[in-house]
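Data block below; observations after.
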Amino acid sequence: STDEPVTGPSGGPPSTGAGTGEQSKFFVSADYEAELAMLGATATGPAGKPWEQVLNPTMVDTASFKKAGPHKICFSNAALNNPWRQVGFKTMQAEVETHRDKIAEFVHVDAEGKDQKQIADINDLLGKDCDALIVSPNTTATLTPAVEAACRTGVPVIVFDRGVDTTCPVTYINPIGGYGFGHVGAEFVAQKMKPGGKVLALRILPGVDVLETRWSAAKLVFDRAKVDVVGVEFTDGDPAKTKKIVDDYLQRYGTIDGIWMDAGAVAVAAVEAFQDAGKPVPPINGEDQLDFLRMWKDQKLTAIAPTYPTYQWRTPIIAALRILDGEQVSNPWKLPQPTITEQNLDEYLDPDMPPLHYAMCGCTGLPGYPQRWK
Amino acid sequence: MQDTLPRRALPVRAGGPLPILAILGVLLVLVAIRQPDFLAPASLMSFLGRSAPIILLAAGQYFVIVSGEFDLSVGSLVTAEVVIAARLIDGDPDRTWPVMALVLVSAAFVGLVNGLITSWLRVPSFITTLGMLLILVGAVYLWSDGSPKGELSEQFRRFGRRAVEDVPVLGRVPYALLIVLLLAVLATVLMRSDFGRILVAVGDNPRAAELSGVRVGRTRTIAFVLSGCAAGVAAILLGGYSGVSFQAGSGLEFSAITAVVLGGVALGGGRGSVAGAMLGALTLELLFALMNFFGVSGTVRPAVQGAIILLAVAVSAARSPSR
Amino acid sequence: MTTPGDVGSLLDLRAVTKSFLGVRVLDRVDLDVAPGEVHAVVGENGAGKSTLMKIISGGYAPDEGTVVFAGEARRFRGPRDAGRAGIGIIHQELALLPDRTVAENIHLGHEPVRRGLVDRREMRARTSALFASMGAGPVPADALVGDLGVAQRQLVEIAKALALDARLLIMDEPTAALADHEAELLHALVRRLRSQGIGLLYVSHRLAEVFALSDRITVLKDGRRVTTVPTAQTTTNQLVRHMVGRDLSGYYPGRADPGDLGPVRLTVQGGGNAKLRGIDLRLRAGEVVGVGGLQGSGRSALARALFGVTPFTSGVVELENRPIRVASPRAAMRAGIAYVSEDRKGEGITARQSVLDNALLAGRALGGAWTGRAARVTRMRGLLDAVDVRSAGTDQEIRFLSGGNQQKVVLARWLALGPRVILFDEPTRGIDVGAKAAVYDVVRRLARDGAAVLMISSDLPELLGMSDRIIVMREGRIAGQVPAGASEADVVALAMGAVAAT
Amino acid sequence: MSALSFRAARRTVPGVYLALVLTLAIGWLVVVLSGGTLFTQATVVSLLHVAAGLGLVAVGQTLVIIGGSLDLSVAYVVSLSTLVAAEAMNGSDTALLPGVLLALAVSAGIGLLNGLLIARTRIDAFIATLGVGLLLKGYLDSGYDGPAGATSPALVQALGYQRIGPVPMSFLLLAAVAAGAWLTLRRTRFGHHLLAVGGDPEVARLSGVRNDRVLVAAHVLCSLCAGLAGVYLAARLGSGAPRVGTEGIYDLESIAAVVIGGTALAGGRGGVAGTVGGVLLLAGLDAVFNQLQLDAFAKQVVRGVVIIGAVAVYARRVIGKGRS
Ligand SMILES: Nc1ncnc2c1ncn2[C@@H]1O[C@H](COP(=O)(O)OP(=O)(O)OP(=O)(O)O)[C@@H](O)[C@H]1O
Ligand SMILES: Nc1ncnc2c1ncn2[C@@H]1O[C@H](COP(=O)(O)OP(=O)(O)OP(=O)(O)O)[C@@H](O)[C@H]1O
Ligand SMILES: O[C@@H]1[C@@H](O)[C@H](O)OC[C@H]1O
Ligand SMILES: [Mg+2]
Ligand SMILES: [Mg+2]
């Protein structure tokens, strides 16, 4: 017998980068255009509940999955190894609690950031009579065969956050995405910095699609604006490493006029590096993590925070229940992806939450708030 | 594996800090050529300050290595202490001092446990401290639900972040640098004391030491405690420098061991100086800075680092007489 | 005397020279062995016998000189090379792996292979055949060597050398660990091998067997060949004179007069542990008590029990009439007992530390006052001078010193503590004559200053020359005691199992 | 001293299997009491898959550790091997064999480098393999920003997903490699020499063993095993994955499995049977924790305790044996 996916594995997405010769293979021009278009689109769905809203919905039929409750919902999680995922997972658990009547059991398996383990985990879950399977894949290409195998068992599969290279899941849920994130940050930095200045791009790690797309969009902006990107460095999300890198660049170039980041986790460390060196903090982008938002407010930074909201962790549960009720859902399910600017900054500042909490958790109304997230 | 024919005796005492000083000198010359401003007081001070934690960890690791053991747990100990400090202080400046004391005491305690397991249960220290690495990381994640909570106070952070301002000539002198200098002097004095000499003797030949009345297990345990303490101080400086994160100490054990070996200290014990170990750490940090000045891409740096380590260690292995 | 280089010789060494860390251990040594000849090599401890054997068998490369084997000049790249050429060796120190079986040890490096796999049945069969050919009792081929006793290990070592089908077989003190009847077996084996035309190099301190077995004898002294003589043309006395190089009288410092003896320092009653049984012992201040016995008879075990390394598990130990428990070396040191191990490299020195650090090690370990540390260093420098340590300075790493000077440093380490009881285990092993004399002086001086001295030695003349009385050990017990002035024969008789003479 | 005591010593099932049975039994009990099932087919398949990857690396690691050495570069060799295999195959079945061979050849080359550095240049194995690991990391980080290449579908089918009942082919591969390593250690000259070199290099040398060659060969075999693990992972993942080795922490985990299995870190003693037991124990813990949905972090703590505890038990035994 075999668990092999019928379609066989597929490679990475084709690299079409018309006019962007230097782009990485992660750059898909059509997706890029679509995402930028979505930044301006209005979402449908209940107001004030962005996790239920959809941008450009394309509904799919799910009648074949209709099933009487209560359900057993299974979740194969890539990892719980950073605050973003921790906040998201707590939000997901709280969401599950709001559906106690419909969800009899919620099974969660943590792959600890290992592709190999996640493939085994998915296989394991397939033997557990799950009514729906939610997957947050660790790596796009390598998890594709396992997700395909899951689809073939007939269980409704819902993928969110990072994607897979197959359309077999019932739906793929995530916010607008990396191109949007990267573009917003880069546009801001390019506009606010002194013309012809030097930008340092700080990245977490290579190879994760949602992060790669952020950088490829940013690169496009900087190329067009003829900004001098003096360095692209990986920080591993380590604040100490970040500070050292920024410090070194300040040594080397005397001044840096803009900082672009593909994720906000180490934004505070980057800002501190300027402060500690006694240099003015240049235009910078972070994310919706509270430590950065507070610093932005307190230090009056020239900043912006594109987001990749953690409220997206609520949506897979909602989607699963809708699918099991036979209701139509959108595929892909694109969630709004708000940007925090100087104008709306105050809305997101919550002095009671811990510094590494993400403002866009959409969790204030959920059971256990705020204690669960502290 | 190796022939046992002793090679010709060397005029230089093996394990001394001379070779590492030579490497450091070469790197400094390269810096001076490529980025002369780096050697200006302001940037040099900041460089030394931010290098303080790894220098301390190298010193701590030195005690353990020179006594013939390994400590793989220091990186995760640093992480654990930073995370614990943040959660306990939770932004409240009044808790700074008690928590700092707790950090030091608990780090020493972890060292004590490492030492006791190694010398009483006779578990090779590689395994003891590997297990401890897993336990510490797991426990601290478990305790904090997988993401650091709370916040370090400004008072806590100043040791790793702030400086004595307006010093003549030097400008800002980071507290971290002062702390590391103080501890370096203490470490050097310690290594010249009876205890220090005994520690090296234990690493050289534990049987001979034991038959001369040395309490080998106790001596090695103290070395682990010292390594734990160094990790505690490093945690205070590193937490201060960059704030709380789960990455705070990751991989530092390997950097520290590498630094110690670069500094002329023999794995297996019995040879090398604590000054050499600390200079090894400084050299490693300078190497990173240099790679930046030469624009070596971040992703290629590990390769350059690996090549230089292999080269440096191969050269000194070829120079030193076989055991 | 036969001139080296006779036509038809199997092995022919010319002017072989070897230095370790700058110390010349072999100095232009010539040696030849004919097929079917047993050529004995004798000399004091440290004369260079084992080093020479290792050079012949490829363990070391000579610094200078040539090795001609079977008519061909050779430069062996290693023991494997020599083994292939037909040279087998039984090492003085057992070269066996305790975690491997007898058969695996015997065949290490030349395992029989069938269809690509090690043929274990063949290995077992060959092992049994080897032991049978040696006339030895059964040693289980599948036993772990670590589970065997020392005599059996020695047999394994011999079998291992025989397994090679060597044309030249080197035996470096093969009978040292063997009881009489086992030694007899070995002698028979040697004769049989000789009759098969195999050349044998036979190193031994047992002069009786040297005379019984060998055709020619070469005497080494301080790394030089003193003489090579046909066995039939020499006598024990001549040989000893060649070995020692001077008259033995006057070599050892004077003994204690009965009036010099002080109170009883140390007594043991019914002492026993895994290696020792029923030890009754009394050491008085001012006396040097020698300990004789064959290798493996428990002499070191006695010293190690007294020093708390492997403590007595039964019996009573009293120091100056107060019962003490010596559970560790540290406890022994606190009680005023010192111990100079027979294994200087493994247990005596910390090779890469300085002379001074080595000398201060015990004092530091006992710790105590922070004050007076400078004085301690000054005192130690004086002491190192007093025992005449020759080094490039007290900062020099001790491994660069000659064995004798290393030993003097170890002595200084203990002298500084002013021990009331001091245990010497083979204190002159592997050190040169001059250093030996210095060691003897120190030993005697310690006794005169009121210490009780226990001195283990395998060197019978030394034992007889130094001791005020000699206790002889056999199989973990004290077999008996002989007074000062006894003969070698008296000691050997006791050691070999004769009834106590006194 | 007797032959009897020897036989007992040799035949003892490595203690790790007792621990394994206990762990699985207790785990099974706890899982059942909490209303789940531990030994479903899917769980067993998953467990064996996880064991296969780690097991291949750990078997190789066993060889170098027995020889008194160590390999900290295996995690990078695993990653590199997935990439070499997948890129060479590029999704085509015809390139299957060349792809596999190329991956293995590259891995062997790295093992050769490790071995030569350690045996010839006499750099401590810890630093040598750490340094080589860094070289590889630099290559991987700068050369790859994500999965690359495509594994031949036939290999994916055969090695990645095919199974016989609940036993995946990959586990059979592990079984075969382990059996081969077992045979090598016990029944080949090389194996005997390796145990000797690890046990006492001087004794080995005096007995005519060419220590250098033996050690180099052990490192080549170790890297080959890591390379094979890479080929398996390429089959499992469908492409080359530049970080799969480090994500899997194959370096430290393989060493942990080896010592849990009773092989002495100092060399000269131990075997692959114990290692396989150690791997199954670690994978079994994974399975139990998965079923109980306990935190990965709690598991980490348990792993740490198990590793120290297991070795403490072995150390106790050796001391006990030495004293008796
Ligand atoms: N590997 C070595 N390194 C340094 N010195 C050595 C080494 N091997 C032997 N020596 C020294 O060389 C000298 C000769 O030693 P060797 O073992 O050849 O003497 P021996 O005649 O066999 O003595 P014994 O009768 O005690 O066995 C001694 O002083 C010894 O300490
Ligand atoms: N590491 C070891 N493993 C097993 N047996 C050993 C070991 N070391 C020593 N022995 C043996 O234990 C027995 C008692 O040892 P002990 O050293 O007391 O004898 P000895 O009479 O002093 O011999 P030697 O003349 O070699 O010093 C001897 O047979 C000795 O060779
Ligand atoms: O999981 C990812 C998280 O680690 C990063 O911080 O943001 C994007 C997510 O896809
Ligand atoms: Mg000898
Ligand atoms: Mg002895």
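Each chain gets a letter, A, B and so on, in the order the sequences are listed, and its residues count up from 1.
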Below 4.5 Å from any heavy atom of chain B, which atoms of D/L117 appear? Answer side chain, backbone, both or neither. side chain
Starting at OG1 of B/T258, measure out to CG of D/L130 and round the result to the nearest 0.5 Å. 4.5 Å
A quick test of your reading: do over 12 heavy atoms of other residues, nucleotides or ligands sit less than 6.0 Å from CZ of B/F294? yes
Nearest heavy-atom contact between D/L135 and B/A307 is CD2-N, 3.6 Å
Fit a plane to each ring of B/F126 and D/F126, take the angle between them on a 0 to 90° scale, and name the class: parallel (under 30°), tilted (30 to 60°) or perpendicular (over 60°). perpendicular
Could you go through D/V301 and B/L134, starting from their C-alpha distance and side-chain angles, then the distance that decides it, and tell me whether this counts as side chain to side chain contact (heavy atoms under 4.5 Å, CB included)? CA-CA 6 Å; D/V301 174; B/L134 296 174; over 6 Å; no
side-chain contact (heavy atoms from CB on, under 4.5 Å), paired with B/I309, selected from D/I127, D/V132, D/I123: D/I127
Go through the atoms of B/L136 and report whether side chain, backbone, both or neither lie under 4.5 Å from a heavy atom of chain D. neither
D/V259 versus chain B, the contacting section by heavy-atom distance below 4.5 Å: side chain
Which one, D/I308, D/I255, D/I307, D/L72, leads in non-hydrogen pairs under 4.5 Å with chain B? D/I308
At a 4.5 Å cut-off on heavy atoms, which part of B/L142 comes close to chain D: side chain, backbone, both, or neither? both
Can you tell which part of B/L130 gets under 4.5 Å to a heavy atom of chain D, answering side chain, backbone, both or neither? side chain
List the atom of B/P302, the atom of D/K137, and the distance in Å for their closest heavy-atom pair. CG-CE, 3.9 Å
